[in-house]
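This one's a predicted model, so the numbers in the text were calculated from it and none came from an experiment.
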Amino acid sequence: MEQSIIPLNIHHHRVNDGNSAFLFRELERIDLCLQRYALRERDRLESHVLEGFLLSDDEIELRTEMPEGVPHWLSGREILPDYVMFQEENADGLLAQLVNRFELTALETDILLLGLLPYFDSRYFHLFAALQRSGGKNLPSFELVQALFGGEHVLLSEQHISLLPQSPLLQSQLITVRKSGEKQGEDWAQSLFLTSTGIFHYLTGNDYLSSPLSACARWYQPDPEEGLHSTVEVLSALQAQDETCEGGMHPVLILEGAAESGQLAALRAAASQRRQAILSLDMSQLPENPPEARWILGEATREVRMRDAILVLSLRDTTEEETEDKSWMQQLHQPGLRAVILCDRSTGHLRLAGVSQLVLDMPGLSCRERAVLLERALSPDFAPDMDIAGFCRRFSFTRDTLPHILQEARGYRNLRGGTGAVSAADLNRALRMHARKNFGNLAQRREPQRTFDDLVVSVELREQLTEILVAARYRDTVLEQGFGAKIGYGTGISALFCGDSGTGKTMAAEVIAGQLDVDLIKVDLSTVVNKYIGETEKNLSRIFDLAEADAGVLFFDEADALFGKRTSVKDSKDRNANIEVAYLLQRLENHPGLVILSTNNRNHLDDAFSRRFTFITRFDFPGTPLREEMWRRIWPQGMTLAPDVNFAALASTAPLTGANIRNIALLSAWLAAEEATGAICDRHIRLAMKRELAKIGRISY
């Protein structure tokens, strides 16, 4: 992967600042060494080559006696001393930091400086081509390095070692080796090289990422804002990473957690306290070509080592095959490199021989921490009566996502034509939309429309549904008060709705989701169940993983079709069915949101579910008083009923469920519309009831 060369006008740089002064002093030394070599080769050069760029004998003598500290083409004076190697004790600024962090020898430093010259003046291209007697060799070659930097103080073996693939120059991608364009079969000495563009920009004080690297990575500079409580754990982990460093090798820090745990935000806050920058690299955006991917990762490691920064690798959206292929981790085994991997708990085991690791379980922000974050972020254009605690109980967000959510809330205020403060409904809508995850064909999302006023149930059942709401609202609050550590596991809120078909189980789930101001996520069992062993568990795992990041209520309708009783194992099918039930029990116990399962027959479910469910609510067949109330409430306000309609008589005529009554009301409205009577009469309802009873196989009244 080659880099572009953009020669810059050196006069644009401030020669008198500390970093540039020392850099230019060293570039002068290398330039004059090159000039001295050109002087010896002058008889072989054409007279017109770089006329005015090469120095005369008198200028060489003068420059040797009185060095200017800048290259001759910058100062206007052209003088040449003998070659003197880089002196580390005289080093200063960014160049010295670069030498120390990559442990470069004096010879390797001079090779690096030689490859920098073309960035400052394009005439070096012509000089290199002339000295090597080839128009195609307009970059320095390894052979030219031997000629320039040879002598009693530089052993030939040291030159070879400095230019081998395992040397810091090549292994850390400080220089880039290019093809010379000559005949095939040229030996190692004919290889051409150029100092990497990133090195040039670093030494001249510029923040730079190459185009391939910037496509999948970004810098986060230190932020003076104070971090949240969870930052303390990450800060301690970074300190432990430094304290565990042996032989210059830092262990890789792995932060495991859910997608919305705010790992990167906490890491940025901790790094800011250490005054360190972060280079965040999304591994899923790397090219599919392995050599290109390795090159980009090599650039990333070089950039963070140069700047004493932290490399953060996100494995959040990488595929299973990419996660299993850990060859890229070998590039993390470099001296002075601080690397942090962000991943889900399921992909946290990235053990690789030769790379030490520290694993930290990174929980998401607590309700209290989210409340502090939201309260600080709300500006005066938001209504003062915001239920901050309620928002933080229902929705998860991080420091990174919150600014976008607040901007979207202002957008929803503008959509409704509002000119005043952003209302709680606007903020709730923004949080709700931001929390939505894509379940694909595994589940359908419903935005609740019906409320408790539409749900006609007994007083006892309404109380049980209210208790479920209370548990879902205050689960996190109670767990943070000590119950989480006391119980340890099994803290999820789950409910089983059992009862005959049509008794209101699905409607009750929708009402609960509506009361929580979230969506109802109805799982489609036809797409979840798979005949291939292990695929059903994978689908369930994906559903629960997405639901953890989603604020919605997870609803399994007709759950007994999937989670029946465990049986004795007679074949592989029985064993696989038992695994599915056990897996669901495990995920139910630890799911942070509300999960509702419904079944027409509780006895069809495995007995272990009874203990694991937080609530078991039975939906009984409605009695006559409830049916009468259903008959009264089913009609919309714009619908006219004839005086002969008697709700009490309809309720006592036949035992029907709410779903049956809904179907009858719809059909009677269609019949009345066909007759254009202007009102729904008793005969319309009676005929519709007769058709409904026949449909469900009951004797007509």
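Expressed to the nearest 0.5 Å, how far CG of Leu641 lies from CD1 of Ile680 amounts to 5.5 Å.
Nearest heavy atoms, Met630 versus Pro622: CE-CB, 3.8 Å. In terms of heavy atoms, Val456 sits closest to Leu626 at CG1-O, 3.8 Å. Considering all non-hydrogen atoms of both residues, Asn438 and Leu546 come closest at O-CD1, 3.3 Å. The two residues Leu455 and Arg462 make their nearest non-hydrogen contact at O-NH2, 3.0 Å. Taking each heavy atom of Trp219 and Leu209 in turn, the nearest pair found is NE1-CD2, 3.4 Å. Smallest separation of non-hydrogen atoms from Gly499 and Lys505: O-NZ, 3.1 Å.
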Next on the checklist: Ile254 vs Leu358, test: side-chain contact (heavy atoms from CB on, under 4.5 Å). Steps then yes/no.
Outcome noted: CA-CA 6 Å; Ile254 298 178; Leu358 296 176; over 6 Å; no
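Between Lys522 and Glu510 there is no salt bridge, since no side-chain nitrogen of the basic residue lies less than 4.0 Å from a carboxylate oxygen of the acidic one. With salt bridges taken as basic N to acidic carboxylate O contacts below 4.0 Å, one links Arg432 and Asp519. Salt bridge annotation for Arg218-Asp282: absent, with no cationic side-chain nitrogen under 4.0 angstrom from a carboxylate oxygen.
In this structure the side chain of Cys367 reaches within 4.5 angstrom of the side chain of Arg370, judged on heavy atoms. The side-chain heavy atoms of Val252 and Val340, taken from C-beta on, include no pair separated by under 4.5 Å.
Checked against the 6.0 Å centroid criterion, the rings of His434 and Phe397 do not qualify as a close aromatic pair.
Annotation: ring pair (Phe, Tyr, Trp, His ring centres under 6.0 Å) contacts of Phe555 (sequence neighbours excluded): none.
When each of Arg627, Arg633, Arg632 is tested with Glu629 by the rule side chain to side chain donor-acceptor pair (under 3.5 Å), just one qualifies, namely Arg633.
Within 6.0 Å of CD on Glu460 lie no more than 12 heavy atoms contributed by other residues, nucleotides or ligands. Surrounding CD of Glu375 are at most 12 heavy atoms belonging to other residues, nucleotides or ligands under 6.0 Å away. By the 6.0 Å contact criterion, CZ on Arg275 is open, its count of non-hydrogen atoms from other residues, nucleotides or ligands being 12 or less. For CZ of Arg446, the number of neighbouring non-hydrogen atoms (other residues, nucleotides, ligands) closer than 6.0 Å is 12 at most. At most 12 non-hydrogen atoms from other residues, nucleotides or ligands lie less than 6.0 angstrom from OH of Tyr474.
A donor-acceptor contact under 3.5 angstrom links the side chains of Ser598 and Asp557, judged on distance only. Defined by atom type and a distance below 3.5 Å, a donor-acceptor pair is missing between the side-chain atoms of Thr503 and Asp500.
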Scan the side chains in residues 659-669 for donor-acceptor partners under 3.5 Å anywhere in the protein, sequence neighbours excluded, and list what turns up.
{"residue": "Asn660", "atom": "OD1", "partner": "Thr657", "partner atom": "N", "Å": "3.1"}
{"residue": "Asn660", "atom": "OD1", "partner": "Thr657", "partner atom": "OG1", "Å": "3.0"}
{"residue": "Asn660", "atom": "ND2", "partner": "Glu692", "partner atom": "OE2", "Å": "3.0"}
{"residue": "Asn663", "atom": "ND2", "partner": "Ala659", "partner atom": "O", "Å": "3.4"}
{"residue": "Asn663", "atom": "ND2", "partner": "Glu692", "partner atom": "OE2", "Å": "3.3"}
{"residue": "Ser668", "atom": "OG", "partner": "Ile664", "partner atom": "O", "Å": "3.1"}
{"residue": "Ser668", "atom": "OG", "partner": "Ala665", "partner atom": "O", "Å": "2.8"}

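Counting only distance, with no hydrogens or angles, the side chain of Arg445 and the backbone of Ile521 share no donor-acceptor pair below 3.5 Å. Judged purely by atom type and a 3.5 angstrom limit, Arg394 uses its side chain to pair as donor or acceptor with the backbone of Leu516.
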